[in-house]
Novice: 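Submitted below is the structure of interest, expressed as structure tokens.
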Amino acid sequence: PDPVVSAIEAVDPEHKLKRIYLSPKGKQLKQGLVEDLAKEENGLLLLCGDYEGIDERIIDLCIDEEISIGDYVLTGGELPALILADSISRMLPGVLANEDAFTLESHYSGLLEHPQYTRPFEWHGEKVPEVLISGHHANIQKWQREQSLKRTLERRPDMLAKAELSKKDKEYLDKLKNSED
Ligand code: 4H7
């Protein structure tokens, strides 16, 4: 254990950083945890294990939090560390080019995102939905919200239980569910 602990202490001699170990048996990374970690004032220390991981006593004595990026096996904790760093850095002020896009789009609703379209209007016989080129902002927002709800119901119904849903959202979902049967 000594070389690993020497490395940790060289980086963070006074234990000012939140020390995180990336491992498959950690707490699963979710957007809520990303947002909490983004608020961490002093920054993070990310420790990556390779081969069979590290001596459990290092985790017991030196690590604040053990995190997994999901239920699959990798050869090392380096890619999980990069994924964690990416998810957190996009929450920090000044990282995304468009600050407005940051506040609007990354406010995490707990729903899947609606489809996106670019130009041209028609491509390989496929058209962009008319409402999106109408210029009618309110109708566009309504369409996008409904697409998010529809996709989440179809692909990740488990997410709906925790999502922030308005009365209108719930009415739309009921309509979809009733049209299924
Ligand atoms: C720490 C402990 C993270 C790091 C054990 C790391 C998946 C994730 C690793 C291991 C990781 C994740 C030991 C797990 C050897 C695989 C065959 C490196 N894999 N190993 N096992 N999901 N691998 O965040």
Side-chain angles (χ1 to χ4, degrees), residues 1-116 118 144-145 147-165 169 173:
D2 286 328
V4 175
V5 173
S6 298
I8 292 171
E9 285 175 351
V11 173
D12 181 29
E14 292 165 75
H15 201 157
K16 287 188 173 161
L17 308 177
K18 178 142 196 155
R19 297 171 172 182
I20 295 171
Y21 180 52
L22 288 310
S23 110
K25 56 184 193 309
K27 177 176 182 184
Q28 192 166 335
L29 186 64
K30 295 276 163 61
Q31 192 61 28
L33 179 54
V34 170
E35 283 165 25
D36 290 344
L37 292 172
K39 290 176 201 138
E40 206 50 54
E41 297 246 318
N42 297 318
L44 311 173
L45 180 154
L46 305 181
L47 179 66
C48 306
D50 264 303
Y51 195 50
E52 289 304 328
I54 60 167
D55 191 304
E56 194 68 21
R57 293 166 292 182
I58 305 171
I59 302 166
D60 296 340
L61 295 182
C62 303
I63 294 299
D64 300 313
E65 197 151 351
E66 201 169 342
I67 294 177
S68 163
I69 60 156
D71 289 338
Y72 34 81
V73 177
L74 301 165
T75 54
E78 292 84 357
L79 289 170
L82 287 176
I83 286 166
L84 182 62
D86 185 276
S87 66
I88 294 169
S89 56
R90 66 181 290 286
M91 305 305 298
L92 302 179
V95 169
L96 293 188
N98 183 346
E99 213 51 37
D100 292 336
F102 162 76
T103 46
L104 270 174
E105 285 173 47
S106 79
H107 170 72
Y108 183 66
S109 66
L111 295 174
L112 299 182
E113 290 183 356
H114 56 75
Q116 303 281 359
T118 55
Q144 290 178 332
R145 183 72 184 177
Q147 288 291 311
S148 283
L149 291 163
K150 186 165 182 279
R151 285 190 153 193
T152 310
L153 180 67
E154 284 166 1
R155 300 179 189 187
R156 291 293 307 279
D158 58 296
M159 288 172 74
L160 288 173
K162 282 194 202 158
E164 290 174 34
L165 301 174
D169 292 339
L173 285 167

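Being a predicted model, the structure only gives us computed values, none of them experimental. One-based numbering, in listed order, for ligands and for the atoms of each. FYI, side chains are in, hydrogens and waters are out, and symmetry mates aren't considered; it's all heavy atoms of this structure.
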Novice: Mind running side-chain contact (heavy atoms from CB on, under 4.5 Å) on His15 and Ile8 for me, showing each step along the way?
Specialist: CA-CA 9 Å; His15 201 157; Ile8 292 171; over 6 Å; no
Novice: For Lys25 and Glu66, run side-chain contact (heavy atoms from CB on, under 4.5 Å): C-alpha distance rounded to whole Å, both residues' side-chain angles, the deciding distance at 0.1 Å, then the answer.
Specialist: CA-CA 8 Å; Lys25 56 184 193 309; Glu66 201 169 342; 3.5 Å; yes
Novice: Measuring from Leu149:CG to Thr152:OG1, what's the distance to the nearest 0.5 Å?
Specialist: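 Going from the CG atom of Leu149 to the OG1 atom of Thr152 covers 6.5 Å.
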Novice: Can you give each donor-acceptor pair under 3.5 Å made by side-chain atoms of residues 47-61, sequence neighbours left out, with the distance rounded to 0.1 Å?
Specialist:
{"from": "Asp55", "atom 1": "OD1", "to": "Arg57", "atom 2": "N", "distance (Å)": "2.9"}
{"from": "Asp55", "atom 1": "OD1", "to": "Arg57", "atom 2": "NE", "distance (Å)": "2.9"}
{"from": "Asp55", "atom 1": "OD2", "to": "Arg57", "atom 2": "NE", "distance (Å)": "3.4"}
{"from": "Asp55", "atom 1": "OD2", "to": "Arg57", "atom 2": "NH2", "distance (Å)": "2.6"}

Novice: Find all protein N or O atoms under 3.5 angstrom from an N or O atom of ligand 1 and list the pairs with distances, or write 'none'.
Specialist:
{"from": "ligand 1", "atom 1": "19 (N)", "to": "Leu74", "atom 2": "N", "distance (Å)": "3.0"}
{"from": "ligand 1", "atom 1": "22 (N)", "to": "Ser68", "atom 2": "OG", "distance (Å)": "3.3"}
{"from": "ligand 1", "atom 1": "22 (N)", "to": "Gly70", "atom 2": "O", "distance (Å)": "2.8"}
{"from": "ligand 1", "atom 1": "22 (N)", "to": "Tyr72", "atom 2": "O", "distance (Å)": "3.2"}
{"from": "ligand 1", "atom 1": "23 (N)", "to": "Leu74", "atom 2": "O", "distance (Å)": "2.9"}
{"from": "ligand 1", "atom 1": "24 (O)", "to": "Ile69", "atom 2": "N", "distance (Å)": "2.8"}

Novice: Before accepting this row, confirm whether a basic side-chain N of the pair Glu154/Lys150 lies closer than 4.0 Å to the acidic partner's carboxylate O.
Specialist: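 A salt bridge is present here (some side-chain N lies under 4.0 Å from a carboxylate O).
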Novice: Please determine, by modelled atom types, if Ser109 and Glu164 share a side-chain donor-acceptor pair under 3.5 angstrom.
Specialist: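 The answer is no; no qualifying pair exists.
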